[in-house]
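Worksheet: the structure to be examined is printed underneath.
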Amino acid sequence: MSRLPQTLVVIVLLGATAAAFAVTEHLKLERSPITGTRVDKVFSPVCECPRDFSVVSFILRRPETVTVRMLDTRGDVVRTLVQDRREAKGRVSYTWDGLDDLDRVVPEGIYRPRVELERNGRTIVLPNPIRVDTTPPVVTLVSVLPRVFSPDGDGRRDRVVAKFRLDEKARPILLVDGRREALGRFGKRQGRLLWFGKVDGEPVRPGTYEIRLRAVDRAGNRSARTRAVPVRVRYVELGRDRVEVRAGERFSIFVSTDASSYDWLFAGKRGTRERRVLRLRAPESAGTYALYVKVGNHADRAVVVVTEPAPAP
């Protein structure tokens with residue numbers, strides 16, 4: 001008689017174990033009530049950019065009453081996005097602006113959405129982490145060379161190279177007079193950006209332009225702009241705007257260009273030179289003449305004032 005209760009206990013325990021196993025297996029086979037989860041992985045609630053919020057989105061397999069809360073790494077609720085909202089079957093989306101329930105920006109870190117389904121009786125913490133990043137990157141402008149260049153397509157000093165260094169993975173941006181003209185890729189901590197002296201596909205006019213850099217991280221945080229470095233676009237330039245010379249005498253003027261040769265026009269004569277010092281003879285008649293030098297579609301001009309020849313001794 002003493003063995004019967006023990007046998008009964010064993011049978012009960014085996015039955016309970018089998019029932020628990022069956023329930024566990026049933027839960028494994030049962031499809032999750034939500035699917036198709038999409039979550040923005042990183043954002044900055046202070047960047048004042050299109051990425052200043054995160055979207056939590058998933059598909060409901062059937063109509064539900066939904067509550068979505070954001071949890072920190074300790075599992076504490078920091079924000080309730082929606083509570084007891086009736087949703088139809090299909091995709092639903094909710095946004096989080098990075099604030100807690102007291103409308104304060106949450107600390108930097110990892111957060112996870114928790115979905116509570118009233119009808120299904122399930123609470124699901126999504127495995128998708130959301131990183132809040134409010135620290136902007138720091139970009140350092142290492143060098144800008146050359147400081148004088150000519151974007152004329154001849155292969156000689158056609159571009160400016162700006163070397164940079166970043167304190168984190170971010171996308172570098174090259175600014176010319178405050179306007180974005182070159183955009184780098186994410187990932188590299190150091191590298192270079194090139195400017196070919198063009199805006200909207202056309203070479204800019206001769207003159208001085210300011211080069212700066214800034215950077216944007218994956219969360220949308222923007223760095224401060226670097227110091228400005230002036231660069232000068234020069235296609236062909238004469239060393240002087242005005243020359244005074246006596247009639248019939250020779251004079252010289254420096255020609256600054258990266259081209260292998262240039263054309264000149266003066267007092268009805270023309271020619272092509274390679275040397276950077278242009279030597280010409282003034283006309284025999286006094287007067288004011290124009291001297292032109294030309295490289296491709298670009299030219300420069302100087303005024304040559306020819307005075308009367310010196311009186312004979």
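Throughout, residue positions are numbered sequentially from 1 according to the sequence presented.
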- Passing option when Asn120 is tested against Leu117, Thr123, Ile124 for side chain to side chain contact (heavy atoms under 4.5 Å, CB included):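 When side chain to side chain contact (heavy atoms under 4.5 Å, CB included) is applied between Asn120 and each of Leu117, Thr123, Ile124, only Leu117 qualifies.
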
Less than 4.5 Å apart, side chain to side chain, heavy atoms only: is that true for [X] and [Y]?
X: Asp40; Y: Arg51; answer: no
X: Glu87; Y: Val82; answer: no
X: Arg122; Y: Ile34; answer: no
X: Thr257; Y: Arg276; answer: yes
X: Tyr94; Y: Val66; answer: yes
X: Val293; Y: Ile253; answer: no
X: Leu278; Y: Leu291; answer: yes
X: Asn221; Y: Pro137; answer: yes

- Message: Ignoring hydrogens, what is the shortest heavy-atom contact between Arg218 and Phe186? Give both atom names and the distance.
- Response: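 Looking at all heavy atoms of both residues, the closest pair is NH2-CB, 3.5 Å.
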
- Task: Could you tell me which non-hydrogen atom of Val255 sits nearest to which non-hydrogen atom of Val236, and how far apart they are?
- Result: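 Minimum heavy-atom separation between Val255 and Val236: CG1-CG2, 3.9 Å.
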
- side-chain contact (heavy atoms from CB on, under 4.5 Å) between Val306 and Val245, worked out: CA-CA 5 Å; Val306 179; Val245 60; 4.2 Å; yes

When you measure from the side chain of [X] to the backbone N and O of [Y], does any donor-acceptor pair fall under 3.5 Å?
X: Lys198; Y: Asp200; value: no
X: Glu108; Y: Thr135; value: yes
X: Ser57; Y: Val92; value: yes
X: Arg61; Y: Pro33; value: no
X: Ser54; Y: Phe43; value: no
X: Glu181; Y: Val199; value: no
X: Asp133; Y: Val42; value: no
X: Arg38; Y: Ser93; value: no
X: Arg86; Y: Thr65; value: no
X: Tyr262; Y: Arg275; value: yes

- Task: Would you please test Phe149 and Val233 for side-chain contact (heavy atoms from CB on, under 4.5 Å) and show each step?
- Result: CA-CA 5 Å; Phe149 74 115; Val233 173; 3.6 Å; yes

Within a 6.0 Å radius of atom [atom1] on [X], are there more than 12 heavy atoms belonging to other residues, nucleotides or ligands?
X: Arg205; atom1: CZ; value: no
X: Arg273; atom1: CZ; value: yes
X: Gln190; atom1: CD; value: no
X: Arg156; atom1: CZ; value: yes

- What do the steps show when you test Asn128 against Thr37 for side-chain hydrogen bond (donor to acceptor under 3.5 Å, both in side chains), and what is the final call? CA-CA 8 Å; Asn128 312 73; Thr37 302; 4.7 Å; no

- Item | His298 and Tyr235 aromatic ring geometry - parallel, tilted or perpendicular at 30°/60° bounds |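 Parallel.
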
- Lys/Arg-Asp/Glu bridge criterion (N-O < 4.0 Å) met for Arg232, Glu237: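 Glu237 and Arg232: salt-bridged.
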
- Message: With a 4.0 Å cut-off on N to O distance, would you call Asp152 and Arg157 a salt bridge?
- Response: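 Judged by the 4.0 Å cut-off on N to carboxylate O distance, Asp152 and Arg157 do not form a salt bridge.
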
Rounded distance [0.5 Å steps], [atom1] in [X] versus [atom2] in [Y]:
X: Asp103; Y: Asp97; atom1: CG; atom2: CG; value: 7.5 Å
X: Phe251; Y: Leu280; atom1: CZ; atom2: CG; value: 4.5 Å
X: Leu71; Y: Asp76; atom1: CG; atom2: CG; value: 8.0 Å
X: Ile110; Y: Arg131; atom1: CD1; atom2: CZ; value: 6.5 Å
X: Leu213; Y: Arg225; atom1: CG; atom2: CZ; value: 11.0 Å
X: Phe58; Y: Arg91; atom1: CZ; atom2: CZ; value: 9.5 Å

- Derivation and outcome, side-chain contact (heavy atoms from CB on, under 4.5 Å), residues Gln83 and Arg69: CA-CA 8 Å; Gln83 185 166 2; Arg69 308 181 198 275; 3.7 Å; yes

- Message: Before you tell me yes or no, could you show the steps for Arg222 and Ile173 under side-chain contact (heavy atoms from CB on, under 4.5 Å), namely the whole-Å CA-CA distance, both residues' side-chain angles and the distance that decides it to 0.1 Å?
- Response: CA-CA 10 Å; Arg222 291 180 174 267; Ile173 301 170; 4.0 Å; yes

- If you group Ile, Leu, Val, Met, Phe, Trp and Tyr by side-chain heavy-atom gaps below 4.5 Å, do Leu174 and Val148 land in one group?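 Per the 4.5 Å side-chain linkage, Leu174 and Val148 are not co-clustered.
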
